[in-house]
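Before any comments, here is the structure.
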Amino acid sequence: MPDSASLLGLPRGELENWFTSRGEAAFRARQLMRWLYHRGELEPLRMTDMALSLRESLSDSAGLVLPPIVQRRRSADGTRKWLLDVGGGQVVETVFIPEPGRGSLCVSSQVGCAVNCPFCATGQMGFSRNLSAAEIVAQTLVARRELEPEGRTITNIVFMGMGEPLANFREVARAASVFLDHLGLGLSRRRVTLSTSGITPRIGKLAEVSRVALAVSLHAPDDELRNRLVPLNRRYPLGPLLEACWDYARATESREITFEYVMLDGVNDQPGQAAALVGLLRGRPAKLNLIPYNPVCGTPFACSPRPAIDRFRQTLLDAGVMTMTRKTRGDDIEVACGQLRGTVLNGMSVPRGMRARA
Ligand code: SAH
Ligand code: SF4
C-alpha cells in the first residue's frame, strides 16, 4: 500500500497504482471509489461487482473504517457537531452548518495546531499530529451518514476545523482530490475551500496540484500586528504572502481569494486599520470576510462591538472592497472554528466547552 494505512482518501491515480501493483485491473479503483463515495459502502464483502477473492483481500488489507463518534451536538440553529475518536485518546471535530440551499461541512486537518495564534483555542492546544487523508475524508462520510436521515446534503467543504491544512500538505491535497473527483464527492472546485494562516511557499505548491478555493487568515493589515496575531507571519510576512495569493488567483483562474479577518476589540478594528486594509486589497481579486470573534477563555481578546464591525465594513465597502460579516452560528454548542481546546477527560481529549456542558 502506498505510504498509507487505508485506501480511503487516496486519489484515483494512487488507488489505480495500488490495484495494478497487485496484479488487478486499474478500473477496480473506479469501482471501489463508487462504492465508497457514491454509495457510502465501506464493507468490501458487500461490493458485489468484484470477485469474492478480491473482496476478501480488500476486507483484510484496505483499512476501510470510520472513526467512532464520541459525541454529537446540535445547536438551536441547526448547526451540528461531531467529535470523532482518532485513536490515542485524541478527538477531532467536524461541523455541519446548514443554510438555505446549501450545507457546509467544516473539516479538521490536524489534531491541534502548531501556528499558535494567541486568540485561537486550537492554537492553545499545541500540535499533536497530522490527520491522514483517510481521517479527513472519513469526516465527510460520517457526517453524510448522520445527515442522510434528515435529508440534508453536504454541498460545500471547508478546511476550517482544527489545524493548519497547508502544514499537512500531502494528506490535505489527497483529500481535496477525492472531494473534487466525480468518482469521489464530486464537488466543484468553488465548493471546496482551504483556509490557511499563510504558509506562503505552499500556496504556490497548492496551485500546482489543486484548484480549490483559497481563504487566507489575514487578521491584521501590517506586519507588526500580524506578527503577534499570526506568529507564522514572522517567517512569511504580508508582502510575499499577498503576492502568492494574487499568483494563486491567476494560476487557478479563481475569481477571488477570500481573506478572513477576526474582529478583536481594540486590537485590529480601528478606522486606520480599515484604511490600511483598503490599501492592501483594493483593485485585487479579493473578498474580505469579517469574523466576529468567539471569545476563548484564558486569552485577553474580546469581540469588537457590533457598531465597530459595521463601521469597519463600511470603510472597506466605500473603497470598493467586497466585504461581508460572517454570521455567527452554533454559539450554544461552541462550534465556531478555533473554539476547541483539548483537555483530558477520562483519558479522552475533549474540548473545554463540551466538557462543561456534557
Ligand atoms: N488554521 C487555518 C484554518 C482553521 S481556523 C487558519 O487559521 O486559517 C478558521 C478561521 O477561524 C481562521 O481564520 C481563524 O483565524 C479563525 N478563528 C480562530 N479562532 C477563532 C475564534 N475564537 N473566533 C473566531 N474565529 C476564529
Ligand atoms: Fe492554527 Fe488557524 Fe488556530 Fe492559527 S487560527 S492556531 S493557524 S487553527
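Both counts, for ligands and for their atoms, begin at 1 and track the order of listing. We count residues from 1, following the sequence as given.
Residue E164 touches ligand 1 through backbone and side chain together, judged by heavy-atom distances below 4.0 Å. Here L232 has no heavy atoms under 4.0 Å from ligand 2, in either its backbone or its side chain. Contact annotation: for I291 versus ligand 1, heavy atoms closer than 4.0 Å belong to the side chain alone. By the criterion of a heavy-atom distance under 4.0 Å, the side chain of C120, and not its backbone, is placed next to ligand 2. By the criterion of a heavy-atom distance under 4.0 Å, neither the backbone nor the side chain of M162 is placed next to ligand 1. For T122, no heavy-atom contact with ligand 1 is shorter than 4.0 Å.
Ligand 2 places these atoms under 4.0 Å from at least one heavy atom of S197: 7 (S). Heavy-atom contacts of G123 reach the following atoms of ligand 2: 6 (S) (cutoff under 4.0 Å). Remark: ligand 1 atoms within the under-4.0 Å shell around heavy atoms of S197 are 6 (C), 7 (O), 8 (O). Residue N116 has at least one heavy-atom neighbour below 4.0 Å for each of these atoms of ligand 2: 6 (S).
Using a cut-off of 4.0 Å between Lys/Arg side-chain N and Asp/Glu carboxylate O, R226 and D222 are scored as not salt-bridged. Classification of R74 and E150 as a salt-bridged pair holds, one side-chain N sitting under 4.0 Å from a carboxylate O. The existence of a salt bridge linking R250 and D247 is confirmed by a sub-4.0 Å separation between a basic side-chain nitrogen and an acidic carboxylate oxygen. A salt bridge is defined here as a Lys NZ or Arg NE, NH1 or NH2 lying under 4.0 Å from an Asp or Glu carboxylate O, and E253 with R189 fails to meet this definition. Ion pairing between E135 and R129 holds under the 4.0 Å rule for side-chain N and carboxylate O.
Counting heavy atoms only, E260 comes closest to atom 10 (C) of ligand 1 of the residues Q110, E260, M160. Comparing T299, V262, N294 against atom 22 (N) of ligand 1, the shortest heavy-atom distance belongs to N294. When the heavy atoms of S108, S217, G163 are ranked by distance to atom 12 (C) of ligand 1, first place goes to S217.
In the model, S304 has a side-chain atom that pairs as donor or acceptor with a side-chain atom of D269 under 3.5 Å. With hydrogens and angles left out, the side-chain atoms of Q314 and D318 include a donor and acceptor closer than 3.5 Å. Using modelled atom types and a 3.5 Å distance limit, the side chains of E171 and N130 yield no donor-acceptor pair. Under 3.5 Å, the side chains of N227 and R234 contain no donor-acceptor pair of N or O atoms.
C113 lies apart from atom 3 (Fe) of ligand 2 in this respect, since none of its N, O or S atoms is found at a distance under 2.8 Å.
Taking any N or O of P292, backbone or side chain, none lies under 3.5 Å from an N or O belonging to ligand 1. Geometrically, ligand 1 and Y293 share no nitrogen or oxygen pair separated by less than 3.5 Å.
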Mind running side chain to side chain contact (heavy atoms under 4.5 Å, CB included) on V158 and I97 for me, showing each step along the way? CA-CA 11 Å; V158 294; I97 303 165; over 6 Å; no
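Under the 4.0 angstrom criterion for non-hydrogen atoms, G198 is not in contact with ligand 1.
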